[in-house]
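Chain A is the first sequence line, chain B the second, and so forth, proteins listed ahead of strands; every chain is numbered from 1.
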There are 2 protein chains.
Amino acid sequence: MARTTKAKEARDVRASLALLWGEQDRPTRGPKPSLTPHRIAEAAVALADAEGLEAVSMNKVAGAFDVSAMALYRYVPGKAELVELMIEAVLAERPDLSVAGDGWRPQLTEWARRSWAVYQAHPWLLAATAMRRQAMGPRQLGWLDAALAALEPTGLTAAQRHQVFLLVVGLIRNLAQQLVDFDAEQDQEWNRLTGELLDRHSDRFPALTKAVAAGAFAPTAEDPLVFGLDRILDGVQTLIDREGPRGG
Amino acid sequence: MARTTKAKEARDVRASLALLWGEQDRPTRGPKPSLTPHRIAEAAVALADAEGLEAVSMNKVAGAFDVSAMALYRYVPGKAELVELMIEAVLAERPDLSVAGDGWRPQLTEWARRSWAVYQAHPWLLAATAMRRQAMGPRQLGWLDAALAALEPTGLTAAQRHQVFLLVVGLIRNLAQQLVDFDAEQDQEWNRLTGELLDRHSDRFPALTKAVAAGAFAPTAEDPLVFGLDRILDGVQTLIDREGPRGG
DNA sequence: AGCTCACTGCTGATGACGTAAACAGTTTAG
DNA sequence: CTAAACTGTTTACGTCATCAGCAGTGAGCT
């Protein structure tokens, strides 16, 4: 059974990659296909934008084309691959960071801003990319390349640049998580219930009680990306300053 | 229908909170219960540790007690609440950070290390906490309080301390995500396939090609927590230095 | 022109999931 | 000792991804 699963997965990796990179040869004989993987992915994206990723079932996506769920399997190996196509579909082409100026910091900031914009426009992207992916499409690689390119002038090692990249991606994904979690009504409920609990147990949670009283959990108008990014990039700057003089 | 759902959710919040805080009054009449929410959560944790969160179905958890799935609903309102109990179950009591010394930085580092250890021991915790939670249990609040307490001597505002906390939690969750994603065999496959792709498209991804060649994606023995935490805390230190003199 | 067969899309079935409903058995308060 | 409260069970429903098998279609070859 494990054997079968593994063989199937291996097949899927190939199929998934061919799909993502558009390297599939189309058939000549038989009826004209009424769909394409791309159109299917677009419909799935529209569905996810409107109702969330959990609403994206093969049935509902197929319904957008008035077609049975099984019809989709003629175009896409399975749901996992469909999700990969959705990810590629919402990513723009490789971002041009030169508009932000010359330094690594403005460029990486620009990268983060654009990346964050994508997650804001498509909050399901977080859950979609959290599913274990075995291959990246050309656009994902393009974004990765742009960020690494921006970091080249820092003088950091390749491994350090990769680490910094991961930190920034991580920051954005965390913001996206907060965005997904957030629900004004529910937030109010949380504050109310947690307030009640803290009243009853303020001795157990003194710092939290003080923080709540000081408004640490009140909604803020500030762009949430700024604080985190400034902290991280300040930290990176410190690293550069420390390593530079020693000839790193 | 939406009405029904909302009413049901409201009921669940109450039930969930009572469960998490152990504030449920136990019945006197009727047969002795053979289970407790706590024991059920423990069994679910064992299952998740062994086979992952997706293996935790009501059926399998019930199977651990040789009981039907529906029996669990006498103790737990539903699966979401069971997951909440699982989260509380794997969290230790409020961590004592004083062992790390006096400064905010060693204490927060200690907090991060312990937190990271929990995620390492129970990788499913990431997915479990990603599900929208409406209430926190006493242990979750305890960890939160400990981190906020460690940040009090920084002189930062309450909102800033909260932001820093979110940054550190985010870092750990990102590491946990990488841990979940990682699969040596699959990683090798990724490197092979991406290598092939880069050979074919090295002009499109020059920075990435260089980075791969320089070993930026090679496995490292270093503790992955250190780099990210040092960057973030350096950035926080920069903020403190900047705000302090101005009388913030 | 006609045949073949790769290809499309369909129906139906399978097994997993969470959980609602209804029922049978058990214990304790009155 | 009866009735209420409680436990655990069986059955059933709706949803999901996906497999197997069938009918129709149309390009390429003879």
Between the main-chain N or O of R139(B) and the side-chain N or O of E88(B), is there a donor-acceptor pair closer than 3.5 Å?
yes

Measure across A44(B) and V56(B) and return the closest heavy-atom pair with its distance rounded to 0.1 Å.
O-CG2, 3.7 Å

Smallest heavy-atom separation, K60(B) atom then L47(B) atom, equals CB-CD2, 3.6 Å

Tell me which residues in residues 30-43 of chain B lie within less than 4.0 Å of DNA chain C, going by non-hydrogen atoms.
G30(B), P31(B), K32(B)

Could you walk me through whether V164(B) and L108(B) pass the side chain to side chain contact (heavy atoms under 4.5 Å, CB included) check?
CA-CA 10 Å; V164(B) 171; L108(B) 204 55; 4.1 Å; yes

To the nearest Å, how far apart are R74(A) CZ and dT25(D) P?
15 Å

Over 12 non-hydrogen atoms of neighbours within 6.0 angstrom of CZ in R94(A):
yes

Sequence neighbours excluded, the answer for ring pair (Phe, Tyr, Trp, His ring centres under 6.0 Å) partners of F217(B) is H162(A)

Among residues at least two apart in sequence or on other chains, which ones pass side-chain contact (heavy atoms from CB on, under 4.5 Å) with R204(B)?
W21(A), P138(A), H201(B)

From OH of Y75(A) over to P of dC7(C), roughly how many Å is that when rounded to an integer?
12 Å

R114(A) side chain to D96(A) backbone, donor-acceptor under 3.5 Å
yes

Assess whether atom CD of Q120(B) is packed by more than 12 heavy atoms of other residues, nucleotides or ligands within 6.0 Å.
yes

Regarding A71(A), tell me which of base, sugar-phosphate or nothing describes its non-hydrogen contacts under 4.0 Å with the strands shown.
sugar-phosphate

Taking all non-hydrogen atoms of both residues, which atom of Y75(A) and which atom of P37(A) are closest, and how far apart?
O-CG, 3.6 Å

Restricting both atoms to N or O, compile the protein contacts to nucleotides 14-18 of chain C shorter than 3.5 Å, with distance only.
from    : atom 1 : to     : atom 2 : distance (Å)
dG18(C) : OP1    : K79(B) : NZ     : 2.9
dG18(C) : OP2    : M58(B) : N      : 3.1

For nucleotides 28-30 of chain D, list the nitrogen or oxygen atoms of the protein found under 3.5 Å from its nitrogen or oxygen atoms, one pair per line.
none

Whether the Q178(A) and N174(A) side chains hold a donor-acceptor pair (N or O, under 3.5 Å, no angle test) is what I'd like checked.
no

Roughly how far apart are L171(A) CG and I232(A) CD1, rounded to 0.5 Å?
4.5 Å

Rounded to the nearest 0.5 Å, what separates atom CD1 in I172(A) from atom OH in Y119(A)?
7.5 Å

Contact list please: residues 62-70 of chain A against DNA chain C, heavy atoms, distance less than 4.0 Å, in numerical order.
V67(A), S68(A), M70(A)

